[in-house]
Amino acid sequence: MKPPCEIVVWYVIPSIRSKLAKELLNLGMKQKDISVLLDITQPAVSQYISDKRGHELDFDPEVEDYIKNMAKDIMNGKLQPIDLIPHFCHVCKTIKTQEVLCQLHKEKVNIPTTCSVCMESENDHCC
C-alpha cells in the first residue's frame, strides 16, 4: 500500500516542477538557470519541458495561475529559491482540498474506491 505522500512525490511534485519550468522558460529563463533554481539537473528540466516527466497531472485554473505567478515573482526577484518550499506546499494542500490527490491515489494504487484517507488526514505536514 502506497501512502498519499508517495503519490505526491511521484506525480504531484514533478507536475509542479514541469509547469513551473515551462513558465520560467516562457519568461526567458535558461534551462541551466531553472535547474539551479529547482536544484535538479538540466536534463531533468529538459524532460519536464518536453513532457517526458511531470505530465501526469493537469491543474485547475486556480493552481495554474498560482504557478504562473510564482514564475513571474521569481523572474521579478520577489521569490528566492528558499521561498519555493512554502509555495510548493501550498499547491499540494490546494490539490488535496480539491480531491485531486484522492483521485490520483485511487488511479495509481489498488485501493478501495471508498477510501478517504487523503481527505481525512489531519497532519498538515503530510502531502
Side-chain angles (χ1 to χ4, degrees):
M1 181 63 63
K2 293 180 183 177
C5 294
E6 192 167 339
I7 300 300
V8 169
V9 169
W10 283 100
Y11 301 101
V12 177
I13 292 173
S15 294
I16 297 169
R17 284 180 174 158
S18 177
K19 179 65 180 166
L20 184 58
K22 290 173 187 174
E23 291 297 329
L24 290 168
L25 187 71
N26 288 339
L27 293 172
M29 187 178 277
K30 297 181 181 188
Q31 287 189 25
K32 181 63 180 162
D33 295 330
I34 295 169
S35 73
V36 170
L37 176 74
L38 298 179
D39 197 22
I40 57 177
T41 65
Q42 187 279 322
V45 172
S46 177
Q47 289 180 342
Y48 286 130
I49 290 169
S50 65
D51 286 334
K52 292 180 182 173
R53 254 193 212 185
H55 61 86
E56 296 270 347
L57 185 61
D58 291 322
F59 297 115
D60 77 356
E62 175 188 346
V63 174
E64 290 267 341
D65 288 342
Y66 188 83
I67 295 172
K68 284 180 184 182
N69 288 330
M70 280 175 56
K72 289 176 188 173
D73 287 347
I74 290 165
M75 295 300 288
N76 293 331
K78 294 179 183 176
L79 287 180
Q80 299 303 312
I82 192 70
D83 299 322
L84 295 179
I85 295 170
H87 284 77
F88 270 62
C89 291
H90 175 79
V91 172
C92 286
K93 287 178 183 180
T94 301
I95 288 170
K96 183 177 171 183
T97 63
Q98 296 171 343
E99 298 187 30
V100 174
L101 182 58
C102 272
Q103 180 182 351
L104 192 59
H105 195 201
K106 289 174 185 174
E107 287 174 13
K108 302 296 181 184
V109 182
N110 186 20
I111 58 173
T113 56
T114 58
C115 176
S116 61
V117 172
C118 298
M119 294 302 293
E120 293 175 356
S121 173
E122 293 183 23
N123 184 353
D124 287 335
H125 301 291
C126 180
C127 308

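Numbers for residues simply follow the sequence, beginning at 1. Atom set for the values below is all heavy atoms of this structure, side chains included, hydrogens, waters and symmetry mates excluded.
Nearest heavy-atom pair across Gly54 and Ser18 is O-CB, 3.4 Å.
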Which atom pairs, one a donor and one an acceptor, fall under 3.5 Å between side chains of residues 35-45 and the rest of the protein, sequence neighbours left out?
unit_1 : atom_1 : unit_2 : atom_2 : d
Ser35  : OG     : Lys32  : O      : 2.6
Thr41  : OG1    : Ala44  : N      : 3.1
Gln42  : NE2    : Gln31  : OE1    : 2.3

Tell me which donor-acceptor pairs under 3.5 Å the side chains of residues 61-73 have, and how far apart each pair is, sequence neighbours excluded?
unit_1 : atom_1 : unit_2 : atom_2 : d
Glu64  : OE1    : Lys19  : NZ     : 2.7
Asn69  : ND2    : Asp65  : O      : 3.2

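Residues Lys96 and Val8 form no side-chain contact, since every pair of their non-hydrogen atoms from C-beta on lies 4.5 Å or further apart. Using a 4.5 Å heavy-atom cutoff, the side chains of Tyr11 and Leu104 are in contact. You'll find the side chain of Leu57 reaches within 4.5 Å of the side chain of Ile95, heavy atoms only.
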Inset, instruction - Determine, stepwise, if the pair Phe88 / Leu20 fulfils side chain to side chain contact (heavy atoms under 4.5 Å, CB included). - result: CA-CA 10 Å; Phe88 270 62; Leu20 184 58; 4.0 Å; yes
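For Lys52, the side-chain contact (heavy atoms from CB on, under 4.5 Å) partners at least two apart in sequence or on another chain are Gln47, Ser50. With sequence neighbours excluded, the residues satisfying side chain to side chain donor-acceptor pair (under 3.5 Å) with Asp60 are Gln98. By the side chain to side chain donor-acceptor pair (under 3.5 Å) test, Asp51 pairs with Lys22, sequence neighbours left out.
Of the inter-residue distances, the one linking Arg17 atom CZ with Leu84 atom CG reads 10.5 Å to the nearest 0.5 angstrom. Note: Ile16 CD1 to Cys92 SG = 4.0 Å, rounded to the nearest 0.5 Å. If you take CD1 on Ile74 and CG on Leu79, they are separated by 5.5 Å, rounding to the nearest 0.5 Å.
Applying the ring pair (Phe, Tyr, Trp, His ring centres under 6.0 Å) test to pairs two or more places apart or on separate chains, none has a residue in residues 28-60.
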